[in-house]
Amino acid sequence: VSIPWNNRYAQRIEGMSCSAIRELLKITENPKIISFAGGLPAPEVFPFREIEQAFSRIIKAEKTLGAVSLQYGPSDGYLPLRQMLGSYPPHTSHNLAVENIIITSGSQQALDLLGKIFINQGDRILVESPTYMGALQAWNAYGAEYITIPSDQDGMQMDQLECALRSGPKFIYVLPNFQNPTGVTLSLERRIKLVELADKFGIPIVEDDPYGQLRFEGEDLPSIYTLDQQLHTRKGSSGQGNVIYLSTFSKILSPGMRLGWVVAPAEVNQALVLAKQGADLHTSSIAQVIAYEVGKDGFIERHIQLIRDVYSKRRDTMLEGLDKYMPKEVQWTKPHGGLFLWVTLPEDMNSEDIFPVAIANEVAYVPGKAFHPHGDGLNTMRLNFSYSNPETIELGISRLGKVFLEAIKNRTYRVF
Ligand SMILES: Cc1ncc(COP(=O)(O)O)c(C=O)c1O
């Protein structure tokens, strides 16, 4: 008997419906197409030599590091790596206990585990709009619904936040630095307000920060985690704070290693670890030992400088290209770091409709709708500037400029 699989799947799979956008993006794998669509780091900044040396050292030490690397490991992560992260720059001021830090298989797993431990069918999550589509994808499977707060050049707008918090979201999800997809950074004033309001209403904040270390200009701002700790110290409260902080080695070492980390109150980490045991027992031992061996003497902090240099040049090239080739009706953000910028077309245009024309002209982007939980933002798109080299960026933006010029002239791509 041949099984009708569709009748067998759990209800949850309906929330997991494969994103049309991800399907669309498969087209961009054609090497002729200049893709600004993916969120890929530049392979030119992968630390090949350091990883090769660490790997060969580890694997030769059969009785010590080699055995640890090829063996099952603890679900909360490789202890030396967790200890190293405790004094990593974003956390130096926090006095973290090792129980506050766990290792996950990329931040994406942390997002999924958060969904697993916090989200019941119909729970509302407060997000910026637009927001990271991978979080929506993870949480849709648990039946999440979304309260959206618009953002501008200074990040999540605060005027609607208080009202939204009154409706009791499970948690707030925020990307304060060089946000994916817009590239904007949450201002200090708004960070403080966010932490105060979350505290007033007793709502946890999930701070997702893969890009904070990749600042090209301006001053680092305190993390939401830091501001929340300061607030609790001032108030003399006994808890470990309201913020769950996520970050990753994907953009500072290698995404293929699949290593992320969570900084959270110990009791939240215990729940995450229980959920993780059901998912994958633990994160790859060998990847964790390599990351520790590569990072233990401060290599990552030095390496980040190279990444910043390479990406800031690529961002500059993209911004110059946009100035040069885009019709005057088109607007874009000017990020101070990270991997992405955000383009806005005139309001009556639809970036999804224009996408096939861009592909025909051998250039790709991600249409903005995918980052909006309620499917709006039709006239927007995300461009990645980290992956392509400057010459390719200039060529790709010139192609995109022509596509938009034509589209605006003809205005055939109307939403209605
Ligand atoms: C905001 C954000 N969170 C999480 C992730 C997932 O990162 P990873 O699973 O590679 O650590 C990404 C990847 O691009 C991201 O942009």
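Keep in mind that what you see is a predicted model, and the values were worked out from it rather than measured. Atoms within each ligand, like the ligands themselves, are counted from 1 in listed order.
- Looking at atom 16 (O) of ligand 1, its nearest protein heavy atom turns out to be Y211 OH, 2.5 Å.
- The closest approach between any non-hydrogen atom of G134 and ligand 1 is not below 4.0 Å.
- Distance from atom 10 (O) of ligand 1 to its nearest protein heavy atom, with residue and atom name: S250 OG, 2.6 Å.
- In this structure a side-chain-to-backbone donor-acceptor pair under 3.5 Å is missing from D228 to Y225.
- Taking a cutoff of 4.0 Å between a charged side-chain nitrogen and a carboxylate oxygen, D199 and K235 qualify as a salt bridge.
- Polar contact with ligand 1: present for Q108 (N/O pair, distance under 3.5 Å).
- A donor-acceptor pair under 3.5 Å is formed between the side chain of T283 and the backbone N or O of S105.
- Residue contacts with ligand 1: R258 is placed with a nitrogen or oxygen under 3.5 Å of a nitrogen or oxygen of the ligand (distance criterion only).
- In this model, no donor atom of one side chain and acceptor atom of the other lie less than 3.5 Å apart for Q83 and Y78.
- The heavy atom nearest to atom 3 (N) of ligand 1, considering only N180, D208, T248, N384, is found in D208.
- Of all the heavy atoms of S107, the ones lying under 4.0 Å from any atom of ligand 1 are found in both the backbone and the side chain.
- The closest donor-acceptor contact from the side chain of T185 to the backbone of F178 lies under 3.5 Å.
- Ligand 1 lies nowhere less than 4.0 angstrom from a heavy atom belonging to F249.
- Ion pairing between a basic and an acidic side chain is recognised when a charged N comes within 4.0 Å of a carboxylate O; R166 and E162 show such pairing.
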Name each donor-acceptor pair under 3.5 Å that joins a side chain in residues 356-365 to protein atoms two or more places apart or in another chain, with its distance.
from: N361; atom 1: ND2; to: V357; atom 2: O; distance (Å): 2.8
from: Y365; atom 1: OH; to: S351; atom 2: O; distance (Å): 2.6
from: Y365; atom 1: OH; to: F355; atom 2: N; distance (Å): 3.1

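- Side-chain contact, D220 with Q213: no donor N or O sits under 3.5 Å from an acceptor N or O.
- For the pair K251 and ligand 1, a heavy-atom separation below 4.0 Å is found.
- Ligand-side atoms of ligand 1 in range of L175: 1 (C), range being under 4.0 angstrom from any heavy atom.
- Residue Y132 has no N or O atom closer than 3.5 Å to an N or O atom of ligand 1.
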